[in-house]
*Asks:* 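One structure is given below, represented as structure tokens, and several questions about it will come after.
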There are 2 protein chains.
Amino acid sequence: MATCKITEFHQEQKKRMRSVQDAMDALNGKWKIAIISSICCYGKRRFSDILNDVEGVSNRMLSKELKELEINELITRTVLPTQPVTVEYQLTEHGNTLQTIITELSDWGVVHRKKIAGR
Amino acid sequence: MATCKITEFHQEQKKRMRSVQDAMDALNGKWKIAIISSICCYGKRRFSDILNDVEGVSNRMLSKELKELEINELITRTVLPTQPVTVEYQLTEHGNTLQTIITELSDWGVVHRKKIAGR
DNA sequence: CTGAATCCAGATGGATACTG
DNA sequence: CAGTATCCATCTGGATTCAG
């Protein structure tokens, strides 16, 4: 609504852009939000469960994006001493702070879709 | 903080995921946030100006992403009757509703960077 | 069960040159 | 000035197979 009314492209502005980019980097990838949603939804979730929840994802991509989420400390990975091995994933506290943003993105997405396609 | 405590992967949940995806689709691309920030910052902005603001973007990509933003009705494109031609871009009302989200993403990005790199 | 490895097609994006 | 066109290297991601 209010424009920024700045006459130069401030450092401030660049920092802001960098921060947004940092956030986007952590969330980019075709499946990350869906994966987070799946885990969040159940609290804990196993590899094969997420594979089923997230429609269309391949084990290759699931593996890759889970790894990235773990590196970003958004989820934890726990190997259970079963035979054969099972692995549980869950959100970290930090990962849980994403829920606000995901909700907002979801809300905006609804408005946006109506705006664009009227569906 | 609160997990969803649901025992099945509801339609509700899938809708949510789809909405988030719709939002992400509108914002994806390496430069979109930066482009929006540049335009927002000045209210109106010309092609070559944005090209300067957004460090690293090529005219090819700028053109492409501006076009996508326009399709998503986030910005408007106005050709001015000058010689040679100049073009002004500005945020639509709908585009302005993104500012909340961008701010939140930025805030989360700051926390996230501290968390990950301690910078 | 949970991945890693390989192969491969298609998308992405930079550099450069060109047009109205 | 504001793009478009072309070439080309790299990245992405699906399908399939293999391994602990």
Side-chain angles (χ1 to χ4, degrees), chain A residues 9 17-18 20-21 24-39 42-72 74-91, chain B residues 9 17-18 20-22 24-36 38-39 42-72 74-91:
Chain A
F9 209 62
M17 277 165 46
R18 194 165 72 117
V20 176
Q21 203 51 58
M24 296 296 273
D25 286 348
L27 298 180
N28 76 353
K30 207 169 171 179
W31 315 99
K32 287 215 178 57
I33 302 284
I35 293 169
I36 290 173
S37 295
S38 167
I39 296 174
Y42 295 93
K44 297 178 179 181
R45 206 66 177 147
R46 284 170 30 195
F47 187 88
S48 54
D49 296 327
I50 304 173
L51 203 55
N52 285 324
D53 291 341
V54 180
E55 213 159 341
V57 73
S58 64
N59 59 353
R60 181 186 184 283
M61 290 311 295
L62 180 55
S63 173
K64 186 192 161 201
E65 305 223 321
L66 281 170
K67 206 176 294 175
E68 292 171 5
L69 289 172
E70 199 192 349
I71 288 173
N72 280 310
L74 299 177
I75 63 173
T76 57
R77 178 179 181 275
T78 311
V79 181
L80 301 180
T82 53
Q83 186 52 260
V85 167
T86 55
V87 182
E88 263 179 10
Y89 294 91
Q90 52 189 319
L91 292 191
Chain B
F9 208 61
M17 277 165 45
R18 193 166 71 117
V20 176
Q21 203 51 59
D22 289 336
M24 297 295 274
D25 286 348
L27 299 179
N28 76 353
K30 207 169 170 180
W31 314 101
K32 287 213 177 61
I33 302 282
I35 293 169
I36 291 173
S38 167
I39 297 174
Y42 295 92
K44 297 178 178 181
R45 206 67 178 144
R46 284 166 33 193
F47 188 88
S48 53
D49 295 328
I50 303 174
L51 202 55
N52 285 325
D53 290 341
V54 180
E55 212 159 342
V57 73
S58 64
N59 57 355
R60 182 186 182 281
M61 290 310 296
L62 180 55
S63 173
K64 187 191 161 202
E65 304 224 322
L66 281 170
K67 208 176 290 176
E68 291 171 3
L69 289 172
E70 198 191 351
I71 288 174
N72 279 309
L74 299 177
I75 63 173
T76 57
R77 177 180 181 275
T78 312
V79 181
L80 301 180
T82 53
Q83 186 52 262
V85 166
T86 55
V87 181
E88 262 179 10
Y89 293 92
Q90 53 188 316
L91 291 190

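Sequence lines set the chain letters: A, B, ... in the order given, protein chains first and strands last, and positions in each chain run from 1. Just so it is clear, the model here is predicted, and its values are computed rather than measured.
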*Asks:* Provide, to the nearest angstrom, the distance between the CG atom belonging to A:Leu80 and the P atom belonging to C:dT2.
*Replies:* 9 Å
*Asks:* Judged by modelled atom types alone, do A:Glu68 and A:Asn72 share a side-chain donor-acceptor pair under 3.5 Å?
*Replies:* no
*Asks:* Of the listed nucleotides (C:dG13, C:dC1, C:dG3), which one gets closest to any side-chain atom of A:Pro84?
*Replies:* C:dC1
*Asks:* Over how many whole Å does the gap from B:Ile50 atom CD1 to D:dG3 atom C1' extend?
*Replies:* 13 Å
*Asks:* So, OP1 or OP2 of D:dG3: does either fall under 4.0 Å of a side-chain N or O from B:Tyr89?
*Replies:* yes
*Asks:* Can you tell me how far the CG atom of A:Leu62 sits from the CZ atom of A:Phe47, to the nearest 0.5 Å?
*Replies:* 4.0 Å
*Asks:* Quickly work out the A:Asp49 CG to C:dG3 P distance and round it to whole Å.
*Replies:* 12 Å
*Asks:* Figure out the NZ/P separation between B:Lys44 and D:dA2, and round it to whole Å.
*Replies:* 14 Å
*Asks:* Contact between B:Val87 and B:Arg77 at the side-chain level, heavy atoms closer than 4.5 Å - yes or no?
*Replies:* yes
*Asks:* Does OP1 or OP2 of C:dC1 have a side-chain N or O of A:Thr82 closer than 4.0 Å?
*Replies:* no
*Asks:* For A:Ala34 and B:Met17, work out which heavy atoms get closest and say how close.
*Replies:* CB-CE, 3.4 Å
*Asks:* Calculate the interatomic distance between B:Glu65 atom CD and D:dT4 atom P; express it in whole Å.
*Replies:* 14 Å
*Asks:* Of the candidate nucleotides C:dC1, D:dG14, D:dG3, which contains the atom at the shortest distance from the side chain of B:Phe47?
*Replies:* D:dG3
*Asks:* Quickly work out the B:Lys67 NZ to D:dG3 P distance and round it to whole Å.
*Replies:* 9 Å
*Asks:* Mapping B:Val87 and A:Trp31 onto DNA chain D by nearest heavy atom, which one lands closer to the 5' end?
*Replies:* B:Val87
*Asks:* Give a yes or no on whether a donor-acceptor pair under 3.5 Å exists between the nucleobase atoms of C:dT2, that is its base, and the side chain of A:Asn59.
*Replies:* no
*Asks:* Of the options C:dA17, C:dG13, D:dA2, whose atoms approach the side-chain atoms of B:Lys30 most closely?
*Replies:* C:dG13
*Asks:* C:dG3, C:dC1, C:dG13: which one has an atom nearest the side-chain heavy atoms of A:Ser48?
*Replies:* C:dC1
*Asks:* Using the side-chain contact (heavy atoms from CB on, under 4.5 Å) rule, pick out the option among B:Asp53, B:Ile75, B:Leu74, B:Asp49 that qualifies with B:Ile39.
*Replies:* B:Ile75
*Asks:* Which of these nucleotides, D:dG14, C:dG14, D:dA2, is closest to any side-chain atom of A:Ser58?
*Replies:* D:dG14
*Asks:* Have a look at A:Arg60 and say if it touches a base, only the backbone sugar-phosphate, or nothing, with a 4.0 Å heavy-atom cut-off.
*Replies:* base
*Asks:* Would you kindly give the NZ-to-P distance between A:Lys32 and D:dG13, to the nearest whole Å?
*Replies:* 8 Å
*Asks:* What integer distance in Å separates B:Arg46:CZ from D:dC1:P?
*Replies:* 7 Å
*Asks:* Hey, does the side chain of A:Ser63 come within less than 4.0 Å of C:dA4's phosphate (OP1/OP2), counting only N and O?
*Replies:* yes
*Asks:* Taking only side-chain nitrogens and oxygens of B:Lys64, does any of them come within less than 4.0 Å of OP1 or OP2 of D:dT4?
*Replies:* no
